[in-house]
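Notes follow once the structure below has been shown.
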Amino acid sequence: MSTVTTGAPDALPPGWPTTQAEATAVQDELRGRVVLDEPGPVPGEPLIVVGVDVAYDDERDAVAAAAVALDATTLDVVEQATAVGRVAFPYVPGLLAFREIPTVLAALDRLGVTPGLVVCDGYGLAHPRRFGLAAHLGVLTGLPTIGVAKNPFTFRYAPPGPRRGDTSPLLDGDEEVGRALRTQDGVKPVFVSVGHRVSLDHALGHTLRLARDFRLPQSTRAADALCREALRATSG
DNA sequence: GCGACAG
DNA sequence: ATCTTGTCGC
């Protein structure tokens, strides 16, 4: 297993929006490029899964991202990379991607392996304009992506059954935008939605396998720990 | 108008 | 996300 760490902060992608109006316009333009008709990698088959996450120090205007590649069969870490930068956008519900993606892209670029699936901390299709973080990252990278969120955001759901693997629809009105998934007996569900080039069934299958030992996918846990560590290494 | 609101 | 001690449990 190898680790790559950042040197200098990274430039924003060209044309990165500054205002909320610009950001929603970008979402409305890019959402047409999301691919929803591919099943994506099959759960249980050999796969490199990459978890991404971001940590902030708003005081110092600093952000650190981590990308951790796991063997989906063993959940062992294969490779990991981090990137640090400056906060590119304020936190606005519905516009999370503009805050997280620039540094996440930098971390992904430093990874030597090609991800077979990227697991994001947040939502994909389950989004006010159907273009959450995971969908956005998928369109920008072309990689299969899914979103696994810890909270239901603005959506409704009936509690899934009490056992690991039980699910219930995540609803925006009448529309199913994802699924609440119980990953361990008796724990709070996580909220899974499609990002890019992965079906909902496969997204659920991958999430359940990645959450073999804990409520959250191992990819998310590993990326969370690493980006916090990278942030500490930057500031204190 | 008010409250809710991924991370 | 982040601020934060002790505490209950495996």
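Chain identifiers are assigned alphabetically (A, B, ...) following the order of the sequence lines, protein sequences preceding nucleic acid strands; residue numbering begins at 1 within each chain.
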Quick one: is B:dG7 close enough that its OP1 or OP2 comes under 4.0 Å of any side-chain N or O from A:K150?
yes
Is A:R228 close enough to C:dT2 that one of its side-chain N or O atoms is under 4.0 Å from OP1 or OP2 there?
yes
According to a strict under-4.0 Å criterion, is A:N151 in side-chain N/O contact with OP1 or OP2 of B:dC5?
no
Side-chain contact, heavy-atom cut-off 4.5 Å: A:R197 with A:T145?
no
Could you state the atom-to-atom distance from CZ of A:R99 to P of B:dA6 in whole Å?
13 Å
For the side chain of A:E100, starting at C-beta, report the closest nucleotide among B:dG7, B:dC5, C:dT2.
B:dG7
Evaluate the ring planes of A:F131 and A:H136, with Trp represented by its six-membered ring, and classify them as parallel (under 30°), tilted (30 to 60°) or perpendicular (over 60°).
tilted
Remember a base hit wins even if backbone is also touched, and classify A:G94 as base, sugar-phosphate or nothing at under 4.0 Å, heavy atoms.
base
What nucleic acid atoms does A:L95 come within less than 4.0 Å of, heavy atoms only: base, sugar-phosphate, or nothing?
base
Consider the side chain of A:D224, meaning its heavy atoms from C-beta on, and name the nucleotide among B:dG7, C:dA1, B:dC5 that approaches it most closely.
C:dA1
For the pair made of CG in A:L170 and C1' in B:dC5, what is the distance, rounded to whole Å?
14 Å
When all nucleic acid strands are considered with a 4.0 Å heavy-atom cut-off, which category describes A:A55: base, sugar-phosphate, or nothing?
sugar-phosphate
So what does A:D58 touch, heavy atoms closer than 4.0 Å: a base, only the sugar-phosphate, or nothing?
nothing
When the ring planes of A:Y123 and A:F191 are compared, do they come out parallel, tilted or perpendicular, using 30° and 60° as the limits?
tilted
Rounded to whole angstroms, how far apart are OH on A:Y123 and P on B:dA4?
18 Å
Could you tell me which non-hydrogen atom of A:P144 sits nearest to which non-hydrogen atom of A:P41, and how far apart they are?
CB-CD, 4.2 Å
Integer-rounded Å distance: C:dT2 P and A:D53 CG
8 Å
Euclidean distance, atom OH of residue A:Y91 to atom P of C:dC3 [Å, nearest integer]:
17 Å
Base, sugar-phosphate, or nothing for A:Y56, non-hydrogen atoms under 4.0 angstrom?
sugar-phosphate
Rounded interatomic separation in angstrom, taking CG from A:D172 and P from B:dA6:
14 Å
Between P on C:dA1 and CG on A:L133, what's the gap in Å once rounded to a whole number?
13 Å
Rounded to whole Å, please give me the gap between CG in A:L231 and P in C:dC3.
9 Å
Do A:L133 and A:V104 come within less than 4.5 Å of each other through their side chains, counting heavy atoms only?
no
